[in-house]
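Structure first, then comments.
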Amino acid sequence: MKKILYSIAAILAATVLAVSCDKILETESPSSFDDVTVYSNYTLAEQTIFALHQKFSEQNSYRGRFLPWYGFNTDIEWYVSAKPSDAKLGLVAYDPLTNDGQMNTAKNSYSDMYSAIEIANLTIAGLNQYGNVENDPDMAYLLAEAKTLRAMVYYDLIKAWGDVPARFEPISSETLYLKKSSRDVVFEQILADLEEAIPALPYPGRGHATTTERVSKTFAEGLYARIALAASGYALRPDDGMEGSGDLGRVRLSSDSNLSKEVLYPKALAYLKDAISSGANRLYDSYEQLWRDFNNMDLEAGKEVLFSIPFGPSLNDLDGNPRGRWNYTFAIRADYSPINGKGGTAGPTPNFWFKFDENDIRRDLTCVNFSWTKQQTPEPAGINSWYFGKYRFEWMELLPYGGGNDDGIKPIVMRYSDILLMAAEIENELNGPAGAKQYLLPVRQRAFKGNEGEAEQYVNSLVSKEDFFNAIVDERAFEFCGEFLRKGDLIRWNMLGSKIAEEKADLTDLANLSGDYAGLSGNIWWKVNDAEDGILIWGLKPGETSAPEGADWIEESKYIVDTKFTKDDKINCLAVKDPDTRQFWPLFDYVVTNSQGTLVNDYGYVNN
């Protein structure tokens with residue numbers, strides 16, 4: 001019965017019209033049943049949530065286009081194979097074309113996101129009318145879940161495209177084609193939706209929120225804070241009232257007083273404090289175990305992961321095929337069968353490893369410099385090709401990767417450490433570092449396990465608001481590298497352009513063995529690490545300029561002074577154009593052409 005209903009619901013997911021259409025239609029309920037039957041019955045109404053989940057798994061939606069291409073290049077992450085001749089470079093290097101080959105298709109991320117929003121709109125309208133949500137907590141949960149997922153999708157739309165149409169009711173013939181709205185209109189609505197949703201949601205592990213694929217109270221509270229930080233922060237914006245007019249825009253704060261820090265920060269902090277005091281989530285004791293469990297599809301609610309993208313069938317649904325292209329895209333690159341050259345599309349920038357404190361255990365779990373050969377042995381990947389050690393095919397034990405385009409991994413949307421670091425940032429802004437240290441300290445202590453005193457000394461040394469803020473800027477880089485939160489953080493802090501300029505200069509120093517890297521020889525010596533996966537490298541620290549003692553070390557000369565590092569202007573491929581003028585992707589040609597003249601690009605983009 002469940003699979004039949006899922007299929008019925010999926011029909012809507014495949015046919016709902018978003019913003020482009022060649023005929024005007026009125027959308028209907030997500031099944032062959034009438035509205036009152038669907039939205040008055042929990043089992044049937046729940047299928048509309050699963051229909052929304054299906055949109056995440058569409059080939060050109062989150063699964064195959066949005067997640068694999070959004071969020072890098074930054075000062076800590078980059079497109080590993082970047083070179084000027086790569087047609088895909090513009091998407092990540094702040095120079096996208098409106099006819100981009102990845103995005104300018106009939107099936108595209110923008111339209112699929114609006115399809116998901118339409119499903120949410122239908123569900124919200126139907127439950128409000130027929131769901132008895134005032135008296136039935138199960139139906140109230142579904143309503144709150146739909147509002148939370150709609151808020152998440154709208155936030156992702158704004159992250160990628162800036163101002164977008166505000167569509168909060170099911171499509172009708174009169175509303176099929178909408179112009180852009182100010183993103184402030186969307187921000188105000190989705191923040192209000194979350195305020196309504198949060199009281200109806202259970203803490204993780206309770207009610208219907210037993211896995212990280214279902215919405216919980218702490219995730220919604222964290223999402224409110226994440227959106228509040230973005231809405232009240234800096235971003236490239238057209239002048240007020242000029243959205244969709246071709247306006248170049250400028251980096252500025254919103255002029256909407258309802259979205260000021262003074263209004264949003266106290267609300268966000270209250271939600272974060274509730275998430276923390278509830279005890280419903282916790283940090284893993286081991287940073288490594290967190291990522292081992294991630295690669296083994298641990299979806300149990302109540303741990304560190306608050307919400308995961310609900311891709312396709314899970315481990316419990318052995319009849320279906322796993323979906324998602326996460327490790328396929330971002331894992332340590334491997335060439336042995338059946339992986340055959342997957343992973344490694346993006347990785348840490350080559351200098352990021354050097355920025356960690358030596359006692360920070362996140363360093364060697366975040367930045368690894370080996371790949372797997374056809375013989376399933378590790379070897380150095382080269383100074384250009386650092387990979388995210390958080391994502392590993394070799395750690396996929398319960399759902400081994402079997403080749404093809406999908407690996408089954410369900411990407412993390414939010415972790416509990418983000419709750420803590422957002423609370424630290426906001427508390428510091430409102431009241432200074434004295435009360436904020438309690439939220440930064442546990443994240444730092446976990447990172448310095450075995451050297452917790454060093455972490456405590458560091459946190460206690462932060463005595464001014466400015467010092468503490470700068471510490472948060474660094475801590476979020478060390479904690480979340482490879483989770484692609486950095487671009488949004490840098491934008492809202494008004495640091496995107498300046499940080500990328502600093503990064504280019506630092507990469508140039510590394511390539512030339514100058515500045516902070518003057519103490520390196522440029523050579524390395526390496527051998528297979530017998531104690532754990534990977535290799536041991538000697539030569540990446542000052543003073544390691546000659547061969548180490550012991551046997552089995554293999555020398556790689558001119559490892560850092562690598563012709564590939566400066567060849568083809570690779571460093572400048574971090575950002576081809578000024579990132580502050582290209583914070584968002586354009587509306588691609590297909591979407592604009594099929595909008596019947598209602599959609600126009602801003603930020604200097606011109607459609608073909």
Side-chain angles (χ1 to χ4, degrees), residues 76-78 80-81 287-288 291-292 327 330-336 339-395 478 481-482 506-507 509-567 570-571:
I76 63 173
E77 303 139 335
W78 77 344
V80 169
S81 59
Y287 198 70
E288 178 176 331
W291 296 108
R292 285 185 175 273
N327 280 6
F330 297 121
I332 298 171
R333 185 173 177 83
D335 285 319
Y336 58 85
I339 300 171
N340 297 326
K342 303 301 190 299
T345 294
T349 49
N351 56 342
F352 190 51
W353 182 90
F354 297 89
K355 297 183 183 300
F356 282 86
D357 186 286
E358 186 173 1
N359 289 329
D360 191 333
I361 63 172
R362 294 172 299 192
R363 183 188 68 177
D364 296 336
L365 285 162
T366 298
C367 307
V368 301
N369 197 227
F370 70 88
S371 58
W372 293 99
T373 69
K374 293 183 183 299
Q375 291 73 40
Q376 290 187 254
T377 58
E379 67 178 10
I383 191 65
N384 288 291
S385 302
W386 289 77
Y387 300 125
F388 301 124
K390 298 174 178 179
Y391 314 129
R392 307 189 185 209
F393 293 109
E394 62 268 28
W395 284 357
F478 298 137
C481 179
D506 198 66
L507 286 171
D509 281 346
L510 177 60
N512 295 327
L513 296 179
S514 60
D516 291 340
Y517 311 99
L520 304 179
S521 69
N523 302 333
I524 66 162
W525 294 261
W526 70 277
K527 63 180 178 180
V528 173
N529 187 348
D530 294 327
E532 57 187 66
D533 293 330
I535 62 175
L536 298 172
I537 298 179
W538 176 269
L540 296 181
K541 301 174 186 176
E544 296 179 349
T545 56
S546 59
E549 296 181 358
D552 301 326
W553 291 95
I554 302 169
E555 182 176 5
E556 295 275 348
S557 63
K558 296 184 179 180
Y559 177 78
I560 292 178
V561 187
D562 185 334
T563 56
K564 293 180 181 179
F565 198 31
T566 53
K567 184 181 178 182
K570 186 176 176 70
I571 292 174

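Every heavy atom of this structure was used, including side-chain atoms; hydrogens, water molecules and symmetry mates were not. Bear in mind the structure is a predicted one, so any value in this text is a computation, not a measurement.
- Separating the CD atom in Gln376 from the CG atom in Asp335 is a distance of 11.0 Å, to the nearest 0.5 Å.
- One finds the CD atom of Gln375 at 12.5 Å from the OH atom of Tyr336 (value rounded to the nearest 0.5 Å).
- Looking at every heavy atom in both residues, Phe393 comes nearest to Ala331 through CE1-CB, 3.7 Å.
- Salt bridge status for Glu358 with Arg363: absent, with no side-chain N to carboxylate O gap under 4.0 Å.
- Annotation for Ala511 and Ile571: closest pair CB-CD1, 4.4 Å, computed over non-hydrogen atoms.
- With sequence neighbours left out, Trp291 forms a side chain to side chain donor-acceptor pair (under 3.5 Å) with no residue at all.
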### Chi angles and distances behind the ring pair (Phe, Tyr, Trp, His ring centres under 6.0 Å) call for Phe370, Trp372
CA-CA 7 Å; Phe370 70 88; Trp372 293 99; 5.6 Å; yes
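- Here Ile560 contributes atom CD1 and Ile383 contributes atom CD1; the two are 5.0 Å apart, rounded to the nearest 0.5 Å.
- Minimum interatomic distance between Cys481 and Thr366 (heavy atoms only, all atoms of both residues): CB-CG2, 3.6 Å.
- For Phe478 and Phe352, the distance between ring centers is under 6.0 angstrom.
- When only modelled atom types and interatomic distance are considered, Asp509 and Ser514 share a side-chain donor-acceptor pair under 3.5 Å.
- In summary, Lys355 and Asp506 engage in a salt bridge, as defined by a charged side-chain N under 4.0 Å from a carboxylate O.
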Donor-acceptor pairs under 3.5 angstrom involving side-chain atoms of residues 526-537: please list them, not counting sequence neighbours.
| unit_1 | atom_1 | unit_2 | atom_2 | d |
| --- | --- | --- | --- | --- |
| Trp526 | NE1 | Glu556 | OE2 | 3.4 |
| Asn529 | OD1 | Ala531 | N | 3.0 |
| Asp533 | OD2 | Trp395 | NE1 | 3.4 |

